[in-house]
Each structure stands twice: as C-alpha cells, then as structure tokens.
Amino acid sequence: MIQTCDSPNSNGSPFISIKEAVAKMLAQITQVKGKDNLALSEGLGRVLADDIISPIDVPPADNSAMDGYALDYQELSKQRSLKMVGTALAGQPYLQTLLPGQCVRIMTGALIPKGANAVVMQENTLADGNNIEFKQLPSKGNSVRQAGEDIQRSQIVVTKGTQLKAAHLALIASVGVAQIRVTPKLKVGLIATGDELTPPGQKLVSGAIYESNRVALNALLADFPVDVVDLGIVKDDKPSLRDAFRQADKNCDLVISCGGVSVGEADYVKDILSELGTINFWKVAIKPGKPFAFGKLSNAWFCGLPGNPVSSYVTFQQLVTPVLQKLSGQTYLPAPHFVAKAACLIRKRPGRADYQRGIYYRDENAELWVKPNGKQGSGIMSSIANANCYMVLEQDAADVQEGESVNIQPF
Ligand code: AMP
Ligand code: MG
C-alpha cells in the first residue's frame with residue numbers, strides 16, 4: 001500500500017524533518033537476526049554481536065618499559081653501585097631471585113625478575129665491567145609496566161555493536177582471542193532507474209546521460225558490512241521495474257533505489273512498490289534531497305533515493321546510514337561536527353536542513369574557517385568531489401553572515 005505524506009508533520013508542514021524521518025524508520029526496523037563465527041583476521045568492518053571479554057591481564061606480568069637495569073630501589077639508599085648478575089630479554093626472563101647488592105641488565109618488554117621492583121634506564125647509569133653505578137635514585141615501580149595496567153582480566157575490551165576497525169582487531173588479538181561472533185552481513189540490493197541512464201564506457205545518444213549514482217552508492221556501501229546485489233540500470237517500464245524490485249526483494253535485507261521518487265514522475269515505481277509492499281513517500285526537509293521513499297517490500301526494507309547525484313549521495317549518508325547501522329546491529333554514532341566561522345556570506349533559505357559542500361581551513365592564527373565550494377546544485381558532483389566537509393545549516397536557519405558560526409561535518 002502506498003502512503004503519501006502530504007501533511008505528515010504535527011505543524012502541518014508538507015516536510016518531515018531529518019530527525020523525524022530517521023526516528024520513524026528506526027522505530028520500524030529491527031536488527032537482522034543471526035550471528036556468524038569468524039576468525040579474528042576476517043573481522044575488519046564487521047559488527048560485534050557479543051562483547052569481547054578479556055581472559056587475561058594485559059600485560060600478563062610486570063615488565064620493563066626501558067632498556068636499563070632492574071633492581072630493588074631500596075638497595076640504592078645503601079649504596080650507589082650494584083653488581084650485574086645476569087640479563088633479562090623480552091621472552092627470555094632472568095629466572096633467579098635478586099639478592100642484596102645485585103641488579104640485572106634488562107631490555108624493554110622483559111619480565112621484572114623476582115626481588116626487583118624498579119628499572120633505571122641505561123642513560124642514567126655508568127658501567128665498569130659488571131659494576132653498575134646509578135646516577136638516578138628511582139622510586140618503586142620506576143619504568144615498570146604493571147601487570148593488568150592496560151586491561152584487567154574479565155574486563156570488556158570491545159563492546160557489542162562496535163564496527164571493527166584495525167585498532168579493535170589489534171586490541172582483541174592482544175587479549176588472545178582468535179574467534180569472534182559478529183552480526184550477519186546485510187544483503188543490499190541496488191537499483192538505478194531511468195530511460196536516460198547509460199553505463200560509463202558506452203556511447204552517449206542524444207538525451208542520455210552517464211549513470212553515476214550506483215558507483216557512488218557501491219563505494220559508500222563499502223564502509224558497511226554488506227554484500228551488494230547490484231541490479232543495474234532499470235528502464236522506466238512496468239515489467240522491467242517489477243522484475244527488478246521482485247528479484248531484489250526476494251534476495252535482500254534492504255533494497256536501495258535511486259531516481260523516480262519525485263512526485264508525478266515516479267508513477268511506475270510507485271505502482272510497482274504498491275504491489276510489493278507498504279511504502280511511504282516523504283518530502284524530507286533536507287537539501288539537496290527532499291523526495292525520499294521508505295517502507296517494506298514483502299521481504300526487504302526499502303529506501304528510495306532521489307536521482308540527482310548530489311541528492312542521492314547526501315540522502316544516503318544522512319538517511320540510509322542509520323538504517324544500515326540498525327539493521328547490522330551497529331551502535332549509533334553521530335557524525336562528528338565542528339564549529340567554523342563563515343569566510344563569506346552563505347546563502348540559505350529557512351525550511352530545509354541544507355548540507356552545502358564546503359572547504360574548511362585554518363588561518364595563520366589557527367582559527368577554523370569554512371567557505372562554500374562553488375555552485376551547490378543537486379546535480380553538481382564536483383561540489384562534493386572537491387570539498388572537504390558539509391556545512392550543516394539547520395532547517396530553520398537563514399543566511400549565515402561572514403564571521404558567524406557554522407557547523408561543519410568533515411568528510
Ligand atoms: P529522478 O529522481 O529520476 O527524477 O532524476 C532526477 C535527475 O537525476 C535527472 O536529471 C536524472 O537524469 C538524474 N539521475 C537519475 N538517476 C541517476 C543516476 N543513477 N545517475 C546519474 N544521474 C541520475
Ligand atoms: Mg528518472
């Protein structure tokens with residue numbers, strides 16, 4: 001069933017805010033069920049299904065933070081020189097207990113021998129054969145990395161819902177865990193619609209344009225734990241659209257289409273979607289963007305993006321990202337924003353949140369400035385490609401005067 005939202009807002013506006021749109025979508029969808037067991041080395045980009053709990057202390061035992069000499073710090077209140085009786089290397093400990101008057105040559109990462117409780121770095125010593133004179137009086141624990149000072153046994157090291165980056169993998173490896181449980185990869189269908197769309201590399205006939213949204217969306221999807229089912233370019237005719245949406249619905253958790261969701265131009269898409277499920281057509285108060293469809297086909301969730309390249313890019317980032325995060329069990333992390341000063345007048349009409357493409361930079365006083373990156377039309381991809389941030393202008397905001405504060409979202 002098709003649901004158009006002509007007046008979906010409590011204030012009677014034909015637009016719904018980005019916040020409302022995201023809240024409505026998140027209220028409906030649930031995480032895709034199941035868990036996969038994986039070798040840690042396969043985990044990059046996947047979302048943890050369970051907390052990782054450390055089975056050990058890290059470091060597992062007291063060890064040296066320096067190359068130098070291990071000793072009992074109290075010995076140096078009696079004498080300034082100690083006798084070196086052996087060497088401790090990382091992985092090759094000194095196994096005897098230090099006696100009064102003794103010290104041990106020790107390297108970074110080597111276990112602190114029994115009887116020692118401090119390390120003096122080499123630079124603060126004078127060696128005369130095995131006789132070591134100490135120029136520094138250390139306190140207890142000097143240059144010693146204590147057992148468990150990084151991580152304690154039974155501590156949660158990475159929480160469920162984290163999308164694993166390189167540093168998380170290293171942290172999990174450092175507690176000795178080799179197998180992890182992650183949420184299943186999402187299957188995401190991708191459909192571009194439009195009779196005018198021509199794949200790059202082919203000859204362009206009159207009235208046609210090159211299709212560019214799928215390559216962008218595929219690349220943006222690479223940041224998520226997904227397998228993309230790319231259904232290509234679908235002509236604006238009912239049987240082809242029906243086939244493509246049916247196939248995507250059957251095989252995917254989420255289907256993303258671009259093009260054909262503006263009012264009046266999308267009758268075929270609308271008809272087909274109404275056969276296959278329950279879809280809302282919203283006017284979201286976002287610029288570039290505005291027309292956006294969301295709902296459920298018979299099996300898969302559905303997001304319909306506008307066809308204009310900048311609009312589809314921006315709506316993917318602002319509206320589809322939270323959907324992908326929730327479906328994959330990822331903890332929601334809002335994109336970081338900073339405040340910069342407008343380097344010039346920034347034109348903005350109240351009514352829609354505007355994601356203008358900008359360039360931020362620091363001046364010689366380290367102050368952060370931002371300026372629009374050229375023309376801001378919803379089809380002008382160079383406005384994004386050569387920019388380094390969005391200038392996020394709130395829904396109700398008007399023109400921003402030179403020198404006023406602007407929220408920026410770096411790319
Ligand atoms: P639509 O949303 O279908 O009305 O399309 C809006 C504009 O975006 C039109 O100028 C289309 O030619 C263009 N467009 C639609 N889909 C794509 C695409 N996949 N790649 C590049 N441009 C597109
Ligand atoms: Mg179209």
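Numbering of ligands and ligand atoms starts at 1, following listing order. What you see below is based on every heavy atom in this structure, not just the backbone, and it leaves out hydrogens, waters and symmetry mates.
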Say whether N373 and S383, considering side chains only, have a donor N or O and an acceptor N or O under 3.5 Å apart. no
Closer than 4.0 Å to some heavy atom of N308 - which atoms of ligand 1 meet that? 6 (C), 7 (C), 8 (O)
Under 4.5 Å between any side-chain heavy atoms of E394 and N407, yes or no? yes
Lys NZ or Arg CZ of R105 over Y69 ring: under 6.0 Å, within 45°: yes
Do Y355 and Q317 have side-chain atoms, one donor and one acceptor, less than 3.5 Å apart? no
So between G194, S212, G207, whose heavy atom ends up nearest atom 21 (C) of ligand 1? S212
Donor on one side chain, acceptor on other, N365 and E367, under 3.5 Å: no
For Y210, atoms of ligand 1 separated by under 4.0 Å from a heavy atom: 21 (C)
Kindly indicate whether the side chain of V119, heavy atoms from C-beta on, has any atom under 4.5 Å from the side chain of M121. no
May I ask you to check whether F245 and F302 place their ring centers less than 6.0 Å from one another? yes
Looking only at distances, please establish whether an N/O atom of ligand 1 is found under 3.5 Å from an N/O atom of V261. no
Ligand 1 versus I209, non-hydrogen atoms closer than 4.0 Å: side chain, backbone, both, neither? side chain
Could you say whether the N/O atoms of G260 and ligand 1 ever approach to under 3.5 Å? yes
Which of these, D236, N213, V269, has its nearest heavy atom closest to atom 17 (C) of ligand 1? N213
N/O to N/O below 3.5 Å, does that happen between R214 and ligand 1? no
Indicate, as side chain, backbone, both or neither, the part of E196 found under 4.0 angstrom from ligand 1 when only non-hydrogen atoms are considered. side chain
